[in-house]
Protein chains: 4
Amino acid sequence: MMAKSRAGVRAWQAMPKPVVRDPGDAVVRITTSTICSTDLHIMKGDVPTVTPGRILGHEGVGIIEAVGPQVSSFRKGDRVLISCISACGTCDACRKGMYSHCRTGGWILGNTIDGTQAEFVRTPHAETSLYPLPPTVNEEAAVMLSDILPTAFECGVLNGQVKPGDTVAIVGAGPIGLAALLTVQFYSPAAILMIDLDDNRLRVASQFGATSWINSADGNAVASVMALTGGTGVDVAIEAVGVPSTFDICQSILAPGGRLANIGVHGKPVQLNLEKLWDRNVAITTRLVDTAAIPMLLKLVNSGKLQPAKLITHRFPLNDIMRPTTRSATPPRNVR
Amino acid sequence: MMAKSRAGVRAWQAMPKPVVRDPGDAVVRITTSTICSTDLHIMKGDVPTVTPGRILGHEGVGIIEAVGPQVSSFRKGDRVLISCISACGTCDACRKGMYSHCRTGGWILGNTIDGTQAEFVRTPHAETSLYPLPPTVNEEAAVMLSDILPTAFECGVLNGQVKPGDTVAIVGAGPIGLAALLTVQFYSPAAILMIDLDDNRLRVASQFGATSWINSADGNAVASVMALTGGTGVDVAIEAVGVPSTFDICQSILAPGGRLANIGVHGKPVQLNLEKLWDRNVAITTRLVDTAAIPMLLKLVNSGKLQPAKLITHRFPLNDIMRPTTRSATPPRNVR
Amino acid sequence: MMAKSRAGVRAWQAMPKPVVRDPGDAVVRITTSTICSTDLHIMKGDVPTVTPGRILGHEGVGIIEAVGPQVSSFRKGDRVLISCISACGTCDACRKGMYSHCRTGGWILGNTIDGTQAEFVRTPHAETSLYPLPPTVNEEAAVMLSDILPTAFECGVLNGQVKPGDTVAIVGAGPIGLAALLTVQFYSPAAILMIDLDDNRLRVASQFGATSWINSADGNAVASVMALTGGTGVDVAIEAVGVPSTFDICQSILAPGGRLANIGVHGKPVQLNLEKLWDRNVAITTRLVDTAAIPMLLKLVNSGKLQPAKLITHRFPLNDIMRPTTRSATPPRNVR
Amino acid sequence: MMAKSRAGVRAWQAMPKPVVRDPGDAVVRITTSTICSTDLHIMKGDVPTVTPGRILGHEGVGIIEAVGPQVSSFRKGDRVLISCISACGTCDACRKGMYSHCRTGGWILGNTIDGTQAEFVRTPHAETSLYPLPPTVNEEAAVMLSDILPTAFECGVLNGQVKPGDTVAIVGAGPIGLAALLTVQFYSPAAILMIDLDDNRLRVASQFGATSWINSADGNAVASVMALTGGTGVDVAIEAVGVPSTFDICQSILAPGGRLANIGVHGKPVQLNLEKLWDRNVAITTRLVDTAAIPMLLKLVNSGKLQPAKLITHRFPLNDIMRPTTRSATPPRNVR
């Protein structure tokens, strides 16, 4: 029994159990998975690479069921974390650590091949796309490392080049924004300003370490940030939503020398105010997560310095997937 | 007798000889100066900070005439290079090497205070804004180091993080684009693609080290670059014009992981295609020149590895400034 | 009444009140100072640049008493932090942020000119060597920013290029080692191994965030570190003592790709085991503190993320300086 | 018919043709190989990992003869460059680009498994250890990319962080030192000082781009460098020999902030003068070549910007290997 999807239509039906097809494959029995807001976009028909009938899901933890002849690091019974990015490890992109642009991989799970919202999943390039899970690491914590935490860290924090003492703004307090909030603290910024439309999310942000929170519903977010920073603006602005208005806040609050790290998945172009920014010594970055940070994140989870379980609020059995919910029709506003 | 300007009106008239006003000032007798295309923009009225009556010019070489009591590194008679950026050296921006955003300096010469297109100029913050000129360095070569070469190098080459073996495109073969072409070769890219509307400029570029040249008049520049790079795009795109169409070429030719280094002075916003770029791992940078690279450039001129004199094509006595010219009414298209 | 020193002989005597001598000077009335272990070395005669009769002390907080005509950022009555490094801000070394090697400054206070263990001190290059103290910052906390915290951070943590998830060893749990322990946590290492001969210090280290502590008195420190790291060694080893035996521990515990950041003041050469290290991809760094990190550290103190007061255990009035103490004859073993 | 070696004894004898043993192997028919000075060290018995009977050689170009089932990028008949480093591409070291410390690879060819001084060689981890040779690249040029050029570039130039305008000293003008001389010019240093005991080598260096050359036979090399640099010393010192005396020259000529990049293979410890260097802000690095730079070097050879053929002076047929030579007993002094 597995979950299946078609544009706009959810289905829950039996599917053939996947098998090792290529010598580098593993088949993993899923024990924990999640629903990413990208899955909600897929359900709305926003992601044309996903064809009808595809099993969704690109996050997961599970037990190795079988491996192909090229897989030497894993064996049946191993508990593993599945990266949302499949990487061959040998192409020119992979050699640069840019696994997201692997010539034969990248984001394929739950996109161009069947994904993790099922009892079993076939994972290509298993050697470089699975990670052994130390017995000390809880599965629910670990599944946050498949996508959301590396995404927030690599695209937001690393690209933003956050340094100790920096002033950082995070625009969007959805799951990705909150994950950026958790991981930005690895670099000890002096101030973290959280901006969102939802007071509940801002309240969570304040518990997670934000030093200021701004509800942008009144349209004054930029003025508020400038006031809070003595008119200077922020060293780093992390865009964690993916719409023009939030990008615009980010570009309007950068101090000279500031960095704008985009995490959001954008569906349309934005206006870049180069007439104001050309002489401001700023950098704007984009990135599809490479998940190169997974080993580091595992170390920090293992040492207790990162507690991803904080991000988890609801738990469902897989077969609840067809249950109608009030929220299912309207994906949260500010999520990736 | 000095050159003076007002929006749209040039004047050539006697002005009082400048004197040391602040203790960190020097007064320099100008021996060589140049006209920057920014001066042409000023003449068109594009730069509102320049008030009528201002002596233009932010590039120059000369002989120290007098120094204030705080100036200890220079004395009357020293031959100096004048940076286009005045920097106090002590404010928070200067401490980070971001002299362009000096709290009491930045680009002020020929902008908010009188500039170098005159017989004498007062230069504030002389200690950190003038550079001793080795006797071996030719004045005409040196004046290229006031603005154009550090601008091309810092905003284009350094921000573009050019590495040996890279494929680089430079969009705009005007003086700044050509200066980028000269200085990008400090890092030994494997290929340098030069793009412009003017075949004469492209011919010069081919003599200066470009490995390919593309006339973008036919609107096919992007396709040409993609064809030349086997469909991959470039590692670095340097924008050396400052209009939306050239920025657009740059953002359309970036390989995954590529850098877009903007040098151009933009007068209006551009469209940034984040719907295509959000997952491409790119960086877009802006910068007002800091001229922090002047000492390094002087070393390379001194050692013969950089020959800025290549960039010089015409020479005029200062009092020719009022002579009508065919080009004066229409500033070149692709220049900064 | 002021403190004075001569090799081996302490003195406490009246001295003329210092005055502004150079136009960039300030005179500061000292309100808080400290004794650095370097002062103990001076008292033993180890630092030949310190001539008899010199007032010692290079750390301090105070109130501006007078400023020279070149000083524009400070005025009488301002509360300031004094950097142990005097920096002109304009020489080639200062332009690179390497204030420690300023052509007319560097470590001169309490060394080649009179220092801060007195009621008043003359501070050259005041503009770039004093820092305004926010009213929210406690003086005792601030005085830890004159030398010890920037030294530990710049020479140990920054040079060690500590990254989130790293395993770091700090050899020496004296004041500098403990300051390294506090500041290394800005970068969220997964494990911090503290090594010292003194169990009391190790106990303090465990309270300050060390994850393991090793008493090296039994000569097995290297074996212990290798055991704790599964035979791999550490990503970063910070040398915070300054003798051959502690350097030797550091070079023996580096993982491939590891960094050895030396903080210790060494009085003699060490043996570098290049026959073992030539192929290990390691880096060994040295540095005299530049105090370029002071503004960042002030921000983190101000935001509560750094609590330097933890490092303070004893307080004395200045005129206690002549009181015989049991400890004065034997400087602590493992201190800088 | 193949070349074989035992400590102190060369042999030339028939050996079984190697076959694919592991699924990631390739077998390559060698068309060009070289003798590295490391091979001379092996012949002297200096490298204990090399057991008697081993076929030496870790550099080579050839034609693929057979591939194992895991090899998908290469097929029989492909012309390839063989890296001296075998890298699995998936272990933790390889993921960091530190192929030299691959858990199941590293320098094994001609060391712990049979090497390239033979008609055929088995190359493990072929996917990530072989490089396709563009038809435009000459084989003799290419074989310089197996080891010597990446070694000089990665261990000397990259680790030395050479920047445009720098002053660089290279100690040792043997093949590795000359390769460092060629590749350091990728970064446009203003001055390159070459130091060796042999005037012939220094003459070659002057033709290859050195700006000064110093014969160190008189013991005055340090004084000469200091004189040539106005008493400041060099930004980067590249050690390309591997004995204490040359390391000592390097540590004695570093400017404040300088980098010492060690390439030499050292057989014994050196004395590190930390009592002089502790406050000089220097970095000392070591590295076993990772050959991560091979793709970049191939691009620069292909574009004509690097001409490795310059390094080639003698050519021999493989079966000349037993011919007695005057030089065979005494390996050159200053080579790696």
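Reminder, nothing fancy here: chain letters follow the sequence lines and each chain counts from 1.
Considering only heavy atoms from C-beta on, A/Leu288 stays 4.5 Å or farther from B/Arg280 through its side chain.
The candidate from B/Glu275, B/Lys276, B/Met98 with the greatest count of non-hydrogen atom pairs under 4.5 Å with chain A is B/Glu275. Comparing B/Val270, B/Asn273, B/Asn159 by heavy-atom pairs within less than 4.5 Å of chain A, the highest count is held by B/Val270. The choice from A/Ala283, A/Gly242, A/Pro256, A/Ser100 that makes the most heavy-atom pairs within less than 4.5 Å of chain B is A/Pro256.
Here the CZ atom belonging to B/Arg259 is positioned 13.0 Å from the OG1 atom belonging to A/Thr285, to the nearest 0.5 angstrom. A distance of 9.0 Å separates CD of B/Glu154 from CG of A/Asn281, quoted to the nearest 0.5 Å. Atom CD1 of residue B/Ile284 and atom CG of residue A/Asn262 lie 9.5 Å apart, to the nearest 0.5 angstrom. Between A/His266 atom NE2 and B/Asp279 atom CG the span is 11.0 Å, to the nearest 0.5 Å. Between atom CG of residue A/Leu274 and atom CZ of residue B/Phe247 there is a gap of 5.0 Å, rounded to the nearest 0.5 Å.
Annotation: A/Ile113, atom CD1; neighbour count of heavy atoms from other residues, nucleotides and ligands within 6.0 Å is above 12.
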